[in-house]
Amino acid sequence: MKIISSRWSSTHPNTPPPPLHPPPSPRTAMRPISPSMRGTPWFEDGNILISSGDGESVFKLYTGLLMYSSAHFEERLNGLSGDTTEVIDNCEKIEMDKDDSTRDLSHFFQAMHCGITITSLDSLHDLTTITSILRLATKYGAHALRARAVAVLQVHFPSTLSAFNLKITSPTSPSPWLPDPIIVINIARETSSFMLLPSAMALLTNDTSASEVFGVCLHATSPPRVLRHELNMTDALKFGLMKQLHQDSIAILFKFMRGVAVGCYQPPDMSRRCTRTAPI
């Protein structure tokens, strides 16, 4: 330090010598992520930090697995610049889109790092998990995760007529939990998973009245059931047409049965005849 100071003072007499260790760059944050901000999953030996769009959580993950599973992350992580990217605890930090919530990202990253463990939709939590994975897997080009999420939904919303008939005729438990078709219709439309739409629309048409979907009370004595989710406008119009076709089909069936009944002949009288009229 004395040698450096003497040399610097001889060449720059009016300027103090530079420090041996320069201060950290403004892009480098020395304060680590607090435990309350750590999302799930969080791997201590991870090498990338990803902040949720709502700013509630930060995930510590592996760049290699992200790049292998998603075309979006492969392109984005390859394009990181050390001069512009914030660094926390020796890990570069990136932020997701504003509409990527902590809940959706948690389900998505857990499925990416640990796999999808759900094989059937047995609760609302299962449905929420699968729809979150499907939404973000479609958005970020994680094709393998998207295919597995669609396969789980197809257990309840099959894409073939034979599987659909088997689904609606198979016996179920006394009080089974059934996924809301409106949630599936909306996510199928959002992610272009059109193979889910026919069975979901059919189940909604058979089990839900038009007044419930459109929120119109036709009979004051029997108010409609309040639906927690709103059907998107595109499929709401299709639902109205399908509901009208469904009612017309029932009317045609009744007319056909009534017409057949008119043409029926009464069976012959098979009652026992009186013994007095019998020949002797």
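Computed from heavy atoms alone, side chains included, the values below leave out hydrogens, waters and symmetry copies.
- With hydrogens and angles ignored, the 3.5 Å screen pairs no side-chain donor or acceptor of S69 with any backbone N or O of L66.
- L124 and V155 fall into different hydrophobic clusters, where Ile, Leu, Val, Met, Phe, Trp and Tyr side chains are chained together by heavy-atom contacts under 4.5 Å.
- Minimum interatomic distance between I48 and T63 (heavy atoms only, all atoms of both residues): CB-CG2, 3.4 Å.
- When atom types are taken as modelled, the side chain of S199 and the backbone of P158 share a donor-acceptor pair closer than 3.5 angstrom.
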Please assess L61 against W42 for the test side chain to side chain contact (heavy atoms under 4.5 Å, CB included), listing each intermediate value before the final yes or no.
-> CA-CA 6 Å; L61 309 170; W42 176 277; over 6 Å; no

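- Shown here are the ring pair (Phe, Tyr, Trp, His ring centres under 6.0 Å) partners of Y68, two or more places apart in sequence or in another chain: there are none.
- Applying the salt bridge (charged side-chain N to carboxylate O under 4.0 Å, His left out) test to every pair with at least one member in residues 101-130, sequence neighbours left out, gives these pairs: D104-R135.
- The OG atom of S159 sits 11.5 Å away from atom CG of L197, with the distance rounded to the nearest 0.5 Å.
- Note that the OG atom of S57 and the CD1 atom of I50 stand 12.5 Å from one another [nearest 0.5 Å].
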Worked verdict on I33 versus I88 for side chain to side chain contact (heavy atoms under 4.5 Å, CB included) | CA-CA 8 Å; I33 303 296; I88 300 177; 4.0 Å; yes

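- Taking each heavy atom of V150 and S193 in turn, the nearest pair found is CG2-OG, 4.1 Å.
- At a threshold of 4.5 Å between side-chain heavy atoms, the hydrophobic network of Ile, Leu, Val, Met, Phe, Trp and Tyr places F43 and L105 in one connected group.
- L166 is not connected to L153 by any chain of hydrophobic side-chain contacts under 4.5 Å among Ile, Leu, Val, Met, Phe, Trp and Tyr, and they are in different clusters.
- Pairs engaging residues 37-61 under the salt bridge (charged side-chain N to carboxylate O under 4.0 Å, His left out) rule: R38-E44, K60-D89 [sequence neighbours left out].
- Going from atom CZ of R76 over to atom CD1 of I94 covers 4.5 Å, rounded to the nearest 0.5 Å.
- The pair K93-E95 meets the salt-bridge criterion, with a side-chain N (NZ, NE, NH1 or NH2) lying under 4.0 Å from an Asp/Glu carboxylate O.
- Listed for the T138 side chain is a donor-acceptor partner under 3.5 Å among the backbone atoms of L134.
- For Y140, the ring pair (Phe, Tyr, Trp, His ring centres under 6.0 Å) partners at least two apart in sequence or on another chain are H72, F73.
- In this structure a side-chain-to-backbone donor-acceptor pair under 3.5 Å is missing from D97 to D99.
- Within the model, atoms CG of D100 and NZ of K98 stand 11.0 Å from one another, a figure rounded to the nearest 0.5 Å.
- Separating the NZ atom in K139 from the CZ atom in F108 is a distance of 10.0 Å, to the nearest 0.5 Å.
- To the nearest 0.5 Å, the span separating CD1 on I187 from CD1 on I133 amounts to 11.0 Å.
- Listed by chain and number, the residues in a ring pair (Phe, Tyr, Trp, His ring centres under 6.0 Å) with F59 are F109 (sequence neighbours excluded).
- Contact detail for R146 and A137: the closest heavy-atom pair is N-CB, 3.7 Å.
- With no hydrogens or angles considered, no side-chain donor-acceptor pair links E74 and S70 at under 3.5 Å.
- Every pair tested for ring pair (Phe, Tyr, Trp, His ring centres under 6.0 Å) that includes a residue from residues 179-203 fails, sequence neighbours excluded, so the list is empty.
- What you find for S52 and T102 is that their closest heavy atoms are OG-OG1, 3.1 Å.
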Step by step, would you call I130 with L121 a side chain to side chain contact (heavy atoms under 4.5 Å, CB included)?
-> CA-CA 9 Å; I130 293 299; L121 304 177; 4.0 Å; yes

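- The aromatic rings of H125 and H107 lie perpendicular to each other, with more than 60° between the two planes, well past the 30° mark.
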